[in-house]
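Step one of this worksheet: look at the structure below.
Count residues from 1 along the sequence.
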Amino acid sequence: MNQELLSVGSKRRRTGGSVRGNPSASQADEEQMNRVVEEEQQQQQLRQQEEEHTARNGEVVGAEPRPGDQNDSQQGQLEENNNRFISVDEDSSGNQEEPEEDEEHAEEQDEEDEEEEEMDQESDDFDQSDDSSREDEHMHSNSVTNSSSIVDLPIHQLSSSFYTKTTKFSSVKLHVCMCVPRSGLILSCICLYCGVLLPVLLPNLPFLTCPSMSTLESVTYLPEKGLYCQRLPSSRTHGGTESLKGKNTENMGFYGTLKMIFYKMKRKLDHGSEVRSFSLGKKPCKVSEYTSTTGLVPCSATPTTFGDLRAANGQGQQRRRITSVQPPTGLQEWLKMFQSWSGPEKLLALDELIDSCEPTQVKHMMQVIEPQFQRDFISLLPKELALYVLSFLEPKDLLQAAQTCRYWRILAEDNLLWREKCKEEGIDEPLHIKRRKVIKPGFIHSPWKSAYIRQHRIDTNWRRGELKSPKVLKGHDDHVITCLQFCGNRIVSGSDDNTLKVWSAVTGKCLRTLVGHTGGVWSSQMRDNIIISGSTDRTLKVWNAETGECIHTLYGHTSTVRCMHLHEKRVVSGSRDATLRVWDIETGQCLHVLMGHVAAVRCVQYDGRRVVSGAYDFMVKVWDPETETCLHTLQGHTNRVYSLQFDGIHVVSGSLDTSIRVWDVETGNCIHTLTGHQSLTSGMELKDNILVSGNADSTVKIWDIKTGQCLQTLQGPNKHQSAVTCLQFNKNFVITSSDDGTVKLWDLKTGEFIRNLVTLESGGSGGVVWRIRASNTKLVCAVGSRNGTEETKLLVLDFDVDMK
């Protein structure tokens with residue numbers, strides 16, 4: 001029954017019309033499937049009762065039933081059910097041709113065409129994302145055929161760990177459903193006992209292989225029981241063969257015979273005519289008293305022919321593929337003679353016939369036979385198990401699987417399935433899109449899938465999308481932009497002209513100018529509608545970004561406020577007066593003063609519990625702000641400390657001495673000293689133990705701070721030609737800016753240069769990119785020059801996509 005249903009599913013996938021083109025047919029299929037499954041369960045109970053009765057009478061367990069037994073009537077009923085199921089499918093498909101429904105079906109066809117175009121576009125997006133991976137994927141798809149099977153395995157062949165999980169069953173039939181997609185994974189294992197499906201872990205069974213036509217050597221087919229996989233003898237792998245002569249193959253059945261023929265053709269194509277005979281790797285089924293030596297349930301002959309099977313699948317009209325040649329004289333007599341022979345004689349005749357064929361003729365036979373072994377096991381699994389199987393696929397494979405048939409399309413749109421894919425990629429929010437049409441009533445497009453597709457298209461835009469003309473935000477005259485913040489759709493730039501400007505990242509307009517400082521602005525922080533700025537006038541100011549109002553002016557430092565870090569409602573500022581101060585931005589009060597450095601504080605980090613500061617006295621200090629005590633003084637640098645990163649566990653400091661040091665914040669010990677740069681480390685960023693450092697030697701390095709290993713150095717013919725001024729990275733890309741007037745995009749994992757995002761015409765002659773800030777879809781660059789060759793401005797590049 002499973003074979004027959006799977007064969008019908010295979011036919012529906014190949015023809016496409018009954019599955020994708022007719023909702024009424026799909027509904028009829030589901031109703032008929034339910035009836036067939038119920039009948040199958042009833043007949044399985046009858047078979048179990050008969051097996052118990054046979055065992056009590058002392059008969060051979062699993063012996064083939066005698067003619068006239070109940071199994072024959074059950075088989076006939078199964079075939080009748082299958083034929084009725086097929087006829088319902090064909091009748092439902094035929095309803096499309098009735099005149100009174102032409103208009104309705106035309107509308108449905110239009111909807112399906114739109115859905116197919118949408119699926120093709122989604123799949124094409126992934127196919128175009130990486131040319132090299134697509135080529136590798138194509139090569140892999142040629143070597144591995146997508147296939148599936150149902151496998152019967154004896155308990156004594158299982159690994160010990162798996163056997164202990166199944167010893168509580170007195171009699172277990174283990175069916176292993178396997179699919180080898182292009183990712184090459186064995187996906188699911190199901191234990192069938194007393195009609196109940198139980199998911200279990202797939203054990204480490206080295207003899208399990210893909211039951212596809214490309215690995216046919218390791219697959220033997222048992223009639224009515226599906227495929228089983230078994231490791232072949234070593235002689236088989238080295239070309240050794242065993243003749244069929246002398247084997248009792250009289251009652252192997254139609255499927256067993258067909259599988260043997262197909263294997264013979266495959267061997268001939270692979271090894272040529274010198275390979276004359278073959279072995280199945282196990283003894284074939286004998287007469288009715290035969291019991292499998294491997295413990296498999298015995299097989300019975302299937303009273304049908306290959307032509308009958310193809311006719312039942314609606315392929316009878318396609319049998320005559322060669323129409324340009326008249327049948328040879330004596331063909332019918334030869335066929336009658338062939339039918340009169342016994343099973344072993346037929347096999348021997350076919351063996352000799354295949355040896356006499358040319359490769360093109362063997363390929364023709366394979367094209368006729370191979371489709372009969374295709375199985376759509378996904379459609380026969382419960383939805384939960386089918387989704388579990390699909391969860392092992394990569395997103396691009398899911399999109400391609402959705403194009404197989406309508407049921408796969410529905411499964412591949414599961415919202416929870418795509419939510420997990422988004423979670424793996426760090427996508428936090430679903431994307432709800434209003435669509436004009438749906439596949440059928442009740443079908444809902446997955447918002448999480450839409451979010452995943454959108455993010456993938458955005459990444460593709462960054463990598464190879466057309467670089468449109470950026471928005472140009474002019475301001476600050478010819479002054480230097482000293483600090484840059486980007487949050488939401490607001491951009492805040494600070495300059496040595498004593499002002500800050502708030503810009504719209506969408507329109508490019510200057511929303512307001514924050515005036516109040518009496519000296520240049522050299523540091524800033526931003527969160528939501530709050531902006532904090534530090535100036536050479538020795539004060540900090542808290543601003544409302546919506547209104548431009550100065551909420552607080554924070555007095556206390558006695559020199560320039562050179563750095564700051566905002567965490568929730570508190571900001572920590574570092575000054576050239578060698579002190580740090582902790583402020584409450586809501587009240588404007590100075591909560592704590594941290595003193596201990598003996599030179600200007602150049603960088604500071606604050607995570608809400610600890611403050612870490614780096615100064616020109618070569619020291620890095622760890623503070624408890626609540627008690628105003630210095631917990632650790634991290635000594636080791638031999639020059640000024642210019643940059644810091646702190647993730648709550650590790651402190652990373654960059655110095656003018658060309659080294660980068662990784663410290664343990666709890667013990668104060670130096671874990672690693674990262675060497676390789678040749679000059680000042682001007683900027684760093686740390687995420688998930690991955691550190692990216694930019695240096696005045698024009699190189700960028702990627703480090704693993706857990707091991708201290710340099711993973712990549714971003715250099716080569718496309719490297720920066722001058723000092724790196726700023727950098728930022730995410731899970732895919734590294735963005736770097738330089739004094740050479742360029743902004744470059746690099747691959748984080750491989751370190752390969754991707755392309756230039758910005759190239760100033762004045763680059764190399766004075767044009768500089770001072771600062772960059774990037775969001776998921778936008779890049780903001782602060783550019784200018786120190787000699788008047790480039791106008792001071794902000795450039796905004798947009799990589800967003802339209803998901804209408």
Inset, instruction - Could you tell me whether the side chains of T681 and N695 share a donor-acceptor contact shorter than 3.5 Å? - result: yes
Donor-acceptor pairs under 3.5 angstrom involving side-chain atoms of residues 754-772: please list them, not counting sequence neighbours.
{"unit_1": "R755", "atom_1": "NE", "unit_2": "W462", "atom_2": "O", "d": "3.2"}
{"unit_1": "R755", "atom_1": "NE", "unit_2": "R463", "atom_2": "O", "d": "3.3"}
{"unit_1": "R755", "atom_1": "NH1", "unit_2": "G465", "atom_2": "O", "d": "2.6"}
{"unit_1": "R755", "atom_1": "NH2", "unit_2": "N461", "atom_2": "O", "d": "2.7"}
{"unit_1": "R755", "atom_1": "NH2", "unit_2": "W462", "atom_2": "O", "d": "3.0"}
{"unit_1": "R755", "atom_1": "NH2", "unit_2": "G465", "atom_2": "O", "d": "3.0"}
{"unit_1": "N756", "atom_1": "OD1", "unit_2": "K744", "atom_2": "NZ", "d": "2.8"}
{"unit_1": "S762", "atom_1": "OG", "unit_2": "E790", "atom_2": "OE1", "d": "2.4"}
{"unit_1": "S765", "atom_1": "OG", "unit_2": "S762", "atom_2": "O", "d": "2.8"}
{"unit_1": "R771", "atom_1": "NE", "unit_2": "T482", "atom_2": "O", "d": "3.4"}
{"unit_1": "R771", "atom_1": "NH2", "unit_2": "T482", "atom_2": "O", "d": "3.3"}

Legend entry - Partner set under side-chain contact (heavy atoms from CB on, under 4.5 Å) for R419, not counting sequence neighbours: L416, W448
Legend entry - S693 side chain to H677 side chain, donor-acceptor N/O pair below 3.5 angstrom: yes
Legend entry - N/O donor-acceptor pair under 3.5 Å between Q525 side chain and L566 backbone: yes
Inset, instruction - Output, in order, the C-alpha distance, side-chain angles, deciding distance and verdict of side chain to side chain contact (heavy atoms under 4.5 Å, CB included) for L467 and F799. - result: CA-CA 8 Å; L467 288 176; F799 300 93; 3.9 Å; yes
Legend entry - Charged N-O contact under 4.0 Å between E685 and K687: yes
Legend entry - M564 to S523 - nearest heavy-atom pair and separation: CE-OG, 3.4 Å
Legend entry - OG on S504 to CZ on R512, rounded to 0.5 Å: 10.0 Å
Legend entry - Non-hydrogen atoms of L417 and L387 that approach each other most closely: CD1-O, 4.1 Å
Inset, instruction - Considering non-hydrogen atoms only, spot the tightest contact between A774 and I735 and give its length. - result: CB-CD1, 3.9 Å
Legend entry - Modelled atom types, side-chain donor and acceptor of S446 and N415, under 3.5 Å: yes
Legend entry - Partners meeting ring pair (Phe, Tyr, Trp, His ring centres under 6.0 Å) with H479 (sequence neighbours left out): none
Legend entry - Stepwise side chain to side chain contact (heavy atoms under 4.5 Å, CB included) check, W703 with I690: CA-CA 6 Å; W703 312 82; I690 298 298; over 6 Å; no
Legend entry - Closest non-hydrogen atom pair, W543 against S533: NE1-OG, 2.9 Å
Inset, instruction - Flag the pair K421 and E425 as a salt bridge only when some basic side-chain nitrogen lies within less than 4.0 angstrom of an acidic carboxylate oxygen. - result: no
Inset, instruction - Under the side-chain contact (heavy atoms from CB on, under 4.5 Å) rule, collect the residues that match up with E752, sequence neighbours excluded. - result: T750
Legend entry - Under 3.5 Å: donor-acceptor pair, side chain of S737, backbone of C726: yes
Inset, instruction - Not counting sequence neighbours, which residues clear side-chain hydrogen bond (donor to acceptor under 3.5 Å, both in side chains) with S775? List them please. - result: none
Legend entry - Derivation of the side chain to side chain contact (heavy atoms under 4.5 Å, CB included) call for V492 and L484: CA-CA 6 Å; V492 177; L484 182 65; over 6 Å; no
Show every donor-acceptor pair shorter than 3.5 Å between a side-chain atom in residues 705-715 and any protein atom, with sequence neighbours excluded, or say none if there are none.
{"unit_1": "T707", "atom_1": "OG1", "unit_2": "Q709", "atom_2": "N", "d": "3.2"}
{"unit_1": "Q712", "atom_1": "NE2", "unit_2": "K749", "atom_2": "O", "d": "3.1"}
{"unit_1": "T713", "atom_1": "OG1", "unit_2": "K701", "atom_2": "NZ", "d": "2.8"}

Legend entry - Side-chain donor/acceptor of D740 to backbone N/O of Q721, under 3.5 Å: yes
Legend entry - Contact summary for A412 and A402, nearest pair of heavy atoms: CB-CB, 3.7 Å
Inset, instruction - Check whether the side chains of T513 and K501 place a donor and an acceptor atom closer than 3.5 Å, and report yes or no. - result: yes
Inset, instruction - Determine the minimum heavy-atom distance between S682 and S643, stating which atoms define it. - result: O-CB, 4.3 Å
Inset, instruction - Check for a donor-acceptor pair, side chain of Q678 on one end and backbone N or O of G676 on the other, with a separation under 3.5 Å. - result: yes
Inset, instruction - Answer yes if the side chains of K719 and T699 hold a donor-acceptor pair under 3.5 Å, and no otherwise. - result: no
Inset, instruction - Carefully, step by step, assess L691 and I702 under the rule side chain to side chain contact (heavy atoms under 4.5 Å, CB included). - result: CA-CA 6 Å; L691 175 73; I702 302 172; over 6 Å; no
Inset, instruction - Return yes if some donor-acceptor pair links the side-chain N/O of T792 with the main-chain N/O of G784 below 3.5 Å, else return no. - result: no
Inset, instruction - Ignoring hydrogens and angles, state whether a donor on the side chain of T742 or H720 is under 3.5 Å from an acceptor on the partner side chain. - result: yes
Legend entry - Residue pair V502 / I531, side-chain heavy-atom distance below 4.5 Å: yes
